[in-house]
2 protein chains.
Amino acid sequence: MKLRRLPQQERGERRVTTLLDAAAAVIAETGYDAATMSEIAARAGASIGSLYQFFPNKQSITQALRAQYGREFQELWSPLESTAASLTIEQLVSRLIDDTVQLMERHPALLPLMDAPCSTRNPPIRKLLRQHIARGLRAKKPSLSEVVAARLATVTLQTMRGVRELYREFETRERRALIQEYKLMLVCYLTYQLET
Amino acid sequence: MKLRRLPQQERGERRVTTLLDAAAAVIAETGYDAATMSEIAARAGASIGSLYQFFPNKQSITQALRAQYGREFQELWSPLESTAASLTIEQLVSRLIDDTVQLMERHPALLPLMDAPCSTRNPPIRKLLRQHIARGLRAKKPSLSEVVAARLATVTLQTMRGVRELYREFETRERRALIQEYKLMLVCYLTYQLET
DNA sequence: TACATATGTGAGCTTTCGCTCATATTTAAA
DNA sequence: TTTAAATATGAGCGAAAGCTCACATATGTA
């Protein structure tokens, strides 16, 4: 999380979570670039000085948010590696997409944060997710080479990014229909790739 | 294109194209937000004043570039509506993806420009492309309802956006392999949707 | 050559942003 | 109660961005 100073009192911890919530809200509304530090502080009911007390710069905020979201994905998907073998492809795809949709609705900042700048030390969430998916796929079909599994995972993940973009452009109703189409596409593709 | 003043001499037209080329280069390298007007002018060997002589603001540059790229897509795909019926699904998919790849390589600014802000008067290229794809699909299978065709086109287009993202992350070799996977996925999906 | 118009120039205005710092207040331990 | 550390504050600094404007030069026409 890389805070400038670790909160040492309960008050400090409350501030940090309040600030992160505010940051997520502002980023969700305006995007990363347009989100300003002053607006984040104001939204949290704090002063700019207070914000910089804990976060040394703007990037450190996105790092913290990304780390949090990454952990939540990991919690959802780490069981998948052991259970994927017993799932049908439909179930696997449904699970992947539904979980993504769920996290995106819980964290509207996730979408803009995927495009925000990332230091090389703090790799994007994407890489983590790709690993999980690749392992899930190999659990389902162990004869897949690592290279091929990584490729399938990349395509699968990028397709799920496509789902994300729907949130920019479509309302709930049409979005549901489109999500169904995405599931179908992935099922078609993975069935072809895993069952031959 | 909405220029502040239309170029009236050959000199002016040269300036405009030079400026647009420079803008595309800078945007390709740094992204839209980080691309500055001064850098664009400098890259074109012009002064800032000269830049503002023709382009009233930063957005007008992206509008001009987007319009240009939109026209090129249109040129490539407008014949598709009449010929799609006689193509196999493999051929259609190959055509769509290869054309996209080709334009992306010719115009490296296309990728960052897709995410750049767009006024409501100047709709993103995406909408144009979606229409073309939807018409192509209906040409291939006239029994498709407009709504369903639009949905398939959306999913197809978003998949092609996925291809675009590969350029951020992968080198030529792996990219080629991944593009093949994308084609396969679209073929699987469209075969399922168009032939049943 | 003379004149109007098109194009070119860059110092600098205005605004906004990320961020610092001197200082004030709250908290917890001694 | 005293005291040191933790937390809070916001005026303001420096940098960089978009953009203007008064003026200089180039070009076409008569």
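All values reported here derive from a predicted model rather than from experimental measurement.
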ask   = With the threshold set at 4.0 Å, does a side-chain nitrogen-carboxylate oxygen contact exist between B/Arg130 and A/Glu169?
value = yes

task = May I ask you to say what A/Leu6 touches in the nucleic acid, namely base, sugar-phosphate or nothing, with a heavy-atom cut-off under 4.0 Å?
result = sugar-phosphate

request  = Please tell me which of the listed nucleotides, D/dT27, D/dT9, C/dG10, lies nearest to the side chain of B/Arg11?
outcome  = D/dT27

inquiry  = Taking the side chain as everything from C-beta on, heavy atoms only, tell me whether B/Arg4 gets closer than 4.5 Å to B/Asn57.
reply    = no

task = Write down the distance between CG (A/Leu51) and P (D/dA6), rounded to a whole number of angstrom.
result = 19 Å

query = So do B/Leu103 and B/Tyr69 actually touch side chain to side chain, heavy atoms under 4.5 Å?
reply = no

query = At under 4.0 Å between heavy atoms, what does B/Gln9 touch on the DNA or RNA strands: base, sugar-phosphate, or nothing?
reply = sugar-phosphate

Spacing of B/Glu13 atom CD relative to C/dT7 atom P, expressed in whole Å = 9 Å

Pairs: protein N or O with nucleotides 17-20 of chain C N or O, under 3.5 Å:
{"unit_1": "C/dG18", "atom_1": "OP1", "unit_2": "A/Ala35", "atom_2": "O", "d": "3.4"}
{"unit_1": "C/dG18", "atom_1": "OP1", "unit_2": "A/Lys58", "atom_2": "NZ", "d": "2.9"}
{"unit_1": "C/dG18", "atom_1": "OP2", "unit_2": "A/Met37", "atom_2": "N", "d": "3.0"}
{"unit_1": "C/dC19", "atom_1": "OP2", "unit_2": "A/Tyr52", "atom_2": "OH", "d": "3.2"}
{"unit_1": "C/dC19", "atom_1": "OP2", "unit_2": "A/Lys58", "atom_2": "N", "d": "2.8"}

B/Arg15 to B/Phe54 six-membered ring, cation-pi geometry met (6.0 Å, 45°) = no

inquiry  = For a quick check of understanding: with a heavy-atom distance under 4.0 Å over all strands, which category does A/Gln53 fall into, base, sugar-phosphate or nothing?
reply    = base

note = Taken to the nearest whole Å, CD/A/Glu10 to C1'/D/dA8 is 17 Å

ask   = Okay, side chain of B/Lys183, backbone of B/Glu90: is any donor-acceptor separation there less than 3.5 Å?
value = no

query = With sugar-phosphate meaning primed atoms plus P, OP1 and OP2, does A/Ile40 contact a base, only sugar-phosphate, or nothing at under 4.0 Å between heavy atoms?
reply = nothing

query = So what does B/Arg15 hit on the nucleic acid, given a heavy-atom distance under 4.0 Å: a base, only sugar-phosphate, or nothing?
reply = sugar-phosphate

message = Checking B/Glu13 against B/Gln8 for the side chain to side chain donor-acceptor pair (under 3.5 Å) test, could you report, in this order, the C-alpha distance in whole Å, the side-chain angles of both residues, the deciding distance, and whether it holds?
response = CA-CA 7 Å; B/Glu13 287 178 24; B/Gln8 317 237 351; over 6 Å; no

ask   = Could you give the CD-to-P distance, from A/Gln8 to D/dA8, as a whole number of Å?
value = 13 Å

